Amino acid sequence: MLPRVLACKSLDADLNLRESRSLFFALVAQAGVQWHSPASASRVAGITSAHHHQQEPHPAAMSAEVETSEGVDESEKKNSGALEKENQMRMADLSELLKEGTKEAHDRAENTQFVKDFLKGNIKKELFKLATTALYFTYSALEEEMERNKDHPAFAPLYFPMELHRKEALTKDMEYFFGENWEEQVQCPKAARKYVERIHYIGQNEPELLVAHAYTRYMGDLSGGQVLKKVAQRALKLPSTGEGTQFYLFENVDNAQQFKQLYRARMNALDLNMKTKERIVEEANKAFEYNMQIFNELDQAGSTLARETLEDGFPVHDGKGDMRKCPFYAGEQDKGALEGSSCPFRTAMAVLRKPSLQFILAAGMALAAGLLAWYYM
């Protein structure tokens with residue numbers, strides 16, 4: 001009988017153990033507790049203490065869990081460190097530094113009055129010709145210095161004459177607007193002249209900073225410049241075949257977005273220390289400032305042209321031919337033979353707008369008419 005009693009007790013104990021285990025896992029599921037966590041085990045032990053005595057975990061199991069936890073922590077630290085290093089490397093890329101470091105200057109340039117008016121299509125042909133003139137002198141200087149430094153290690157990878165250079169295209173635009181003898185009619189505007197002087201100084205003394213001016217100009221031309229081309233053609237009724245807007249046409253760049261990516265990759269590959277990169281960002285901000293000065297000068301020229309327009313809408317001159325006839329350029333001419341000179345037509349019309357002089361003129365004309373009538377009687 002004794003073996004049978006022991007067997008029954010053993011069976012009952014086994015059933016109780018199974019029931020306890022089932023109840024245990026049910027409570028685990030109900031509590032939403034993760035079984036593999038030591039903290040979870042202690043929470044479950046508190047829940048099930050009324051039903052079954054909590055067994056102490058084996059020391060080896062505790063050791064394995066601690067090692068596993070430490071391994072996960074170490075892995076997370078490594079991943080976090082790698083991500084942080086990648087971010088630091090990305091932010092050290094020259095293209096990223098330039099993008100972030102010139103964002104404010106870029107926004108200010110886009111919000112100058114000249115640019116806002118241009119984007120709205122509010123631009124006169126005479127003013128567009130002035131802008132083209134400023135671009136011609138700017139790119140002539142930039143590409144001269146790029147040619148000078150095409151083998152310099154800090155610029156050579158960015159030398160793309162066939163794809164980017166604009167002087168030849170601008171020459172065609174100047175000839176379209178001013179005729180074959182255009183070089184005799186134009187002069188470098190004051191603001192553009194300052195920009196040109198800076199470019200020459202950088203090219204001859206600090207060529208490692210030349211990338212700042214190339215980046216500022218060419219990347220903008222490949223982006224927003226294409227919008228300006230369409231606006232100019234529509235507002236000025238320029239030919240759709242490209243005459244007058246050759247500057248915006250990059251015939252050797254099939255995909256502008258891909259080319260910009262290539263250009264940025266070449267920039268990032270330049271062997272430059274962080275100090276030099278910071279100087280390049282600083283120079284790029286100066287480039288934006290020079291461009292804004294040109295925009296502001298163009299805006300002033302537009303105001304001058306507007307003031308020189310008669311109230312009935314007839315311009316002082318038609319804006320064709322000799323650039324020196326432009327009121328804006330007249331103010332910039334060297335003192336000398338042109339001192340005090342003005343347009344006779346403008347002066348006469350200004351006189352005619354005065355009521356008192358209009359009365360005198362009318363009386364004079366009436367008297368002259370009376371004399372002529374008396375003479376022919």
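Keep in mind that the numbers below use all heavy atoms, side chains included, and drop hydrogens, waters and symmetry copies. Small disclaimer: the values here were computed from a predicted structure and weren't measured. Nothing fancy with the numbering, it's 1 onward along the sequence.
Interatomic distance, CG of Leu209 versus CG of Asn149, reported as 11.0 Å (0.5 Å rounding). For the atom pair CE (Met146) and CD1 (Ile199), the distance works out to 10.5 Å, reported to the nearest 0.5 Å. Rounded to the nearest 0.5 angstrom, Thr132 OG1 and Lys125 NZ are separated by 11.0 Å. Here the OH atom belonging to Tyr136 is positioned 5.0 Å from the CD atom belonging to Glu183, to the nearest 0.5 angstrom.
Ionic pairing of Arg148 and Glu145 is present here: one or more N-O contacts between side-chain nitrogen and carboxylate oxygen are shorter than 4.0 angstrom. Under a 4.0 Å N-O distance rule, the pair Arg279/Glu206 qualifies as a salt bridge. Comment: Arg108 engages Glu289 in a salt bridge, judged by a side-chain N to carboxylate O separation of less than 4.0 angstrom. Using a cut-off of 4.0 Å between Lys/Arg side-chain N and Asp/Glu carboxylate O, Glu283 and Arg198 are scored as salt-bridged.
Checked against the 6.0 Å centroid threshold, Phe128 and Phe177 count as a close aromatic pair.
In this structure a side-chain-to-backbone donor-acceptor pair under 3.5 Å is missing from Asp117 to Asn122. In this structure, Gln233 contributes its side chain and Leu238 its backbone to no donor-acceptor pair below 3.5 Å. A distance-only check finds a donor-acceptor pair linking the side chain of Asn255 to the backbone of Gln258 [under 3.5 Å]. Under the 3.5 Å distance criterion, the side-chain polar atoms of Arg266 are left unmatched by any main-chain donor or acceptor of Leu158. Although no hydrogens or angles enter the test, the distance criterion places a donor-acceptor pair under 3.5 Å between the side chain of Arg166 and the main chain of Leu249. A donor-acceptor pair is defined here as one N or O able to donate and one able to accept, closer than 3.5 Å; no such pair exists between the side chain of Glu175 and the backbone of Trp182. Side chain of Glu96 to backbone of Ala92: no donor-acceptor contact under 3.5 angstrom is found. At least one donor-acceptor pair under 3.5 Å links the side chain of Asn268 to the backbone N or O of Ser95. Under a 3.5 Å cut-off, the side chain of Asp299 and the backbone N or O of Gln113 do not form any donor-acceptor pair. Between the Gln226 side chain and the Asp221 main chain, a donor and an acceptor come within less than 3.5 Å of each other.
Note on Leu170 and Tyr290: same hydrophobic cluster, where clusters join Ile, Leu, Val, Met, Phe, Trp and Tyr whose side-chain heavy atoms are under 4.5 Å apart, directly or indirectly. Hydrophobic cluster membership is shared by Phe250 and Phe259, with clusters built from Ile, Leu, Val, Met, Phe, Trp and Tyr side chains linked at under 4.5 angstrom. A single hydrophobic cluster is seen to contain both Val211 and Leu272, as judged by linkage of ILVMFWY side chains at heavy-atom distances under 4.5 Å, directly or through other members.
Side-chain contact, Glu243 with Thr245: no donor N or O sits under 3.5 Å from an acceptor N or O. With hydrogens and angles left out, the side-chain atoms of Ser223 and Lys260 include a donor and acceptor closer than 3.5 Å.
Residue Asn181 places its CG atom among more than 12 non-hydrogen atoms of other residues, nucleotides or ligands, all under 6.0 Å distant. With a 6.0 Å radius and a threshold of 12 heavy atoms from other residues, nucleotides or ligands, His165 has its NE2 atom above the threshold. Within a 6.0 Å sphere centred on NZ of Lys230, heavy atoms belonging to other residues, nucleotides or ligands number 12 at most.
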Could you please spell out the steps behind the salt bridge (charged side-chain N to carboxylate O under 4.0 Å, His left out) verdict for Lys150 and Glu147? CA-CA 5 Å; Lys150 63 182 179 181; Glu147 188 68 25; 3.0 Å; yes
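Ring-plane geometry between Phe295 and Phe114 is classed as parallel, the angle between the planes falling under 30 degrees on a 0 to 90 degree scale with a further cut at 60.
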